Amino acid sequence: MTNNALFYLTNNDMPVVSHANGIYIWDTQGHRYIDGCSGAITCNIGHNHPTVIQAMSEQLNKIAFSYRTQFESQVAVDLADQLVNITEGDLDKVFFVGSGSEAVESAIKLAVQYFVASSQPKRCKFISLSPSYHGSTLGALGLTGYEPLEAPYRSISISSIKVPSPDLYRYKEANIEEHITTVLIQTENAILTAGADTIAGIVLEPVGGASTGGRMVTKRYMEGLRALCDRYGCLLIMDEVLSGMGRTGKWFAYQHFGIAPDILTLAKGLGSGYYPIAAMMARKELVDVVDLSGGFMHGHTYAGNPLACATGLAVIDVMNTEQLISNSSKQGTYLHQQLELLALKHNCIGDIRGIGLLQGLELVQNKITKEPYPPSFNAFEKITTLAKKRGLLIYPRRCLNGLAGDHVLITPPLTVTSEDIDEIITLLDESFTAFEQIK
């Protein structure tokens, strides 16, 4: 039990953080940790970057907060323009909020209001994947397919229609192409069963995050979802809260597949841990319809505040100046290769998956059968604890609906070097060696 007034997910005492720089964090006892997961896959440009600190300080000396219905903020306008530019014209309207959950809530509400304004009020249902994670507020939680998070709140949340996520590791069909066909058929059947004229959108992460451990999809799957949305008149909504802002080696993960969404959410890497900021982006045609109906009936007090937007602008400046998108791609390839070599040494590593600096390791009892560890063994907690004792932070979860399938994410800041990755691999090697000795 903790000895202070705070409470979160865990009641265990944790080290008290002292300071950080680059990819390193120190606690008040002087222990140094490699931030091998960028906090919560958030600190994309690393800690204590002078460019961001300077930009935030300069903005604080002007004004930290102004309310969006009273003033326009030039830094908000400039950041919106920057975000439109990095989607290369796929999305051209931006709505700022403070967190990933808020961004997803905003996407849900924009989609529903768009259909209400378009005289299609029956379109109020959403299809999402299982497993998945889209946030902890009630609307976003309704989209989430992760049993431990859903169960306590089922009586007060409205669940989406869940369809299976592609699983390129545990599929049962003869090959991946047949598996993708099966999943797309299941998705279409779900649309038809619910009533195609009641579906507002299909929501997914183009590369899986905490709920799936970097689970990938294929270009054909993305093309199939786009075709289903076009066929049945609903919207394609992509949640890039975790995978966006350079994490996968492109600004956004959807750009790897060449399939653009109608609505996009982003957060984490946009503020890179320096200040809370997130955004929902959409096609202008959708926003114009909503504007003509009286405006978007939604908002948050801190949405688009100058300090947050100045921070986001500085983060993008650092990413461009230091060429962190290309570094994410290059070092992500190297990290994946080194993780594959690590898996050859350790039988408990069943699968390596992901793209760029979003890499996941799934743990198994048997590589041949892919049998997961029993939930009571808490493999994901054990390996995370062993790594932390050695000075490496990694991000644990379970990828089989949150009930089994232990995995960890290896997602260092985009500033990471090959030498840093070698150190990460050494510490992982030591941690897995110790893990395999646990009976």
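Each residue takes its place number in the sequence, starting with 1. Just so we're clear, the structure is a prediction, and the values are computed from it rather than from any experiment.
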Answer yes or no: does atom [atom1] of [X] have more than 12 heavy-atom neighbours from other residues, nucleotides or ligands under 6.0 Å?
X      : atom1 : value
Ile158 : CD1   : no
Phe71  : CZ    : no
Lys370 : NZ    : yes
Tyr302 : OH    : no
Lys219 : NZ    : yes
Lys330 : NZ    : no
Tyr67  : OH    : yes

Between [X] and [Y], which heavy-atom pair has the shortest distance, and what is it?
X      : Y      : answer
Ile161 : Ala190 : CG2-CB, 4.1 Å
Leu409 : Cys37  : O-CB, 4.3 Å
Phe380 : Thr384 : O-OG1, 2.7 Å
Pro412 : Ile424 : CB-CD1, 4.1 Å
Gln331 : Ser418 : OE1-OG, 3.0 Å
Phe95  : Ser106 : CE2-OG, 3.8 Å

Side-chain contact, heavy-atom cut-off 4.5 Å: [X] with [Y]?
X      : Y      : value
Leu91  : Phe252 : no
Glu188 : Arg231 : yes
Val94  : Leu79  : no
Ile425 : Ile421 : yes
Leu361 : Ile352 : yes
Pro15  : Tyr33  : yes
Leu428 : Ile410 : yes
Val104 : Thr137 : no

Side chain to side chain contact (heavy atoms under 4.5 Å, CB included) evaluation trace for Val241 with His134: CA-CA 8 Å; Val241 165; His134 296 288; over 6 Å; no
Before giving the answer on salt bridge (Lys or Arg N to Asp or Glu O under 4.0 Å), spell out for Glu147 and Arg154 the whole-Å C-alpha distance, their side-chain angles and the decisive distance to 0.1 Å. CA-CA 10 Å; Glu147 180 65 20; Arg154 283 208 170 93; 2.6 Å; yes
Measuring from [X]:[atom1] to [Y]:[atom2], what's the distance to the nearest 0.5 Å?
X      : Y      : atom1 : atom2 : answer
Leu286 : Leu235 : CG    : CG    : 5.5 Å
Leu129 : Thr212 : CG    : OG1   : 9.5 Å
Met56  : Tyr275 : CE    : OH    : 7.5 Å
Asp262 : Ile237 : CG    : CD1   : 8.0 Å
Asp288 : Leu292 : CG    : CG    : 6.5 Å
Ile25  : Leu393 : CD1   : CG    : 5.5 Å

Any donor-acceptor pair under 3.5 Å linking the side chain of [X] with the backbone of [Y]?
X      : Y      : value
Asp317 : Leu313 : no
Tyr274 : His49  : yes
Asn48  : Asn21  : no
Ser57  : Ile53  : no
Asp167 : Arg170 : yes
Arg353 : Met216 : no
Gln359 : Leu335 : no
Ser165 : Pro131 : no
Arg226 : Ala260 : yes
Arg123 : Thr198 : no

Do [X] and [Y] have side-chain N/O donor and acceptor atoms under 3.5 Å apart?
X      : Y      : value
Glu178 : Tyr171 : no
Thr417 : Asp420 : yes
Gln323 : Asn327 : no
Glu105 : His300 : no
Asn44  : Ser272 : no
Thr181 : Arg220 : yes

Between Phe257 and Val217, does a side chain to side chain contact (heavy atoms under 4.5 Å, CB included) hold up when you go through it step by step? CA-CA 9 Å; Phe257 305 101; Val217 299; 3.7 Å; yes
Phe296 six-ring face occupied by Lys109 cation (under 6.0 Å, within 45°): no
Among Val315, Ile316, Val318, which residue satisfies the side-chain contact (heavy atoms from CB on, under 4.5 Å) criterion with Leu324? Val318
Does the pair Leu357 and Arg247 meet the rule for a side chain to side chain contact (heavy atoms under 4.5 Å, CB included), with working shown? CA-CA 6 Å; Leu357 288 171; Arg247 173 57 57 186; 3.6 Å; yes
Any carboxylate oxygen within less than 4.0 angstrom of a Lys/Arg side-chain nitrogen, looking at Lys284 and Asp92? no
Would you check, one step at a time, whether the test side chain to side chain contact (heavy atoms under 4.5 Å, CB included) holds for Lys388 with Leu392? CA-CA 5 Å; Lys388 190 172 183 179; Leu392 174 65; over 6 Å; no
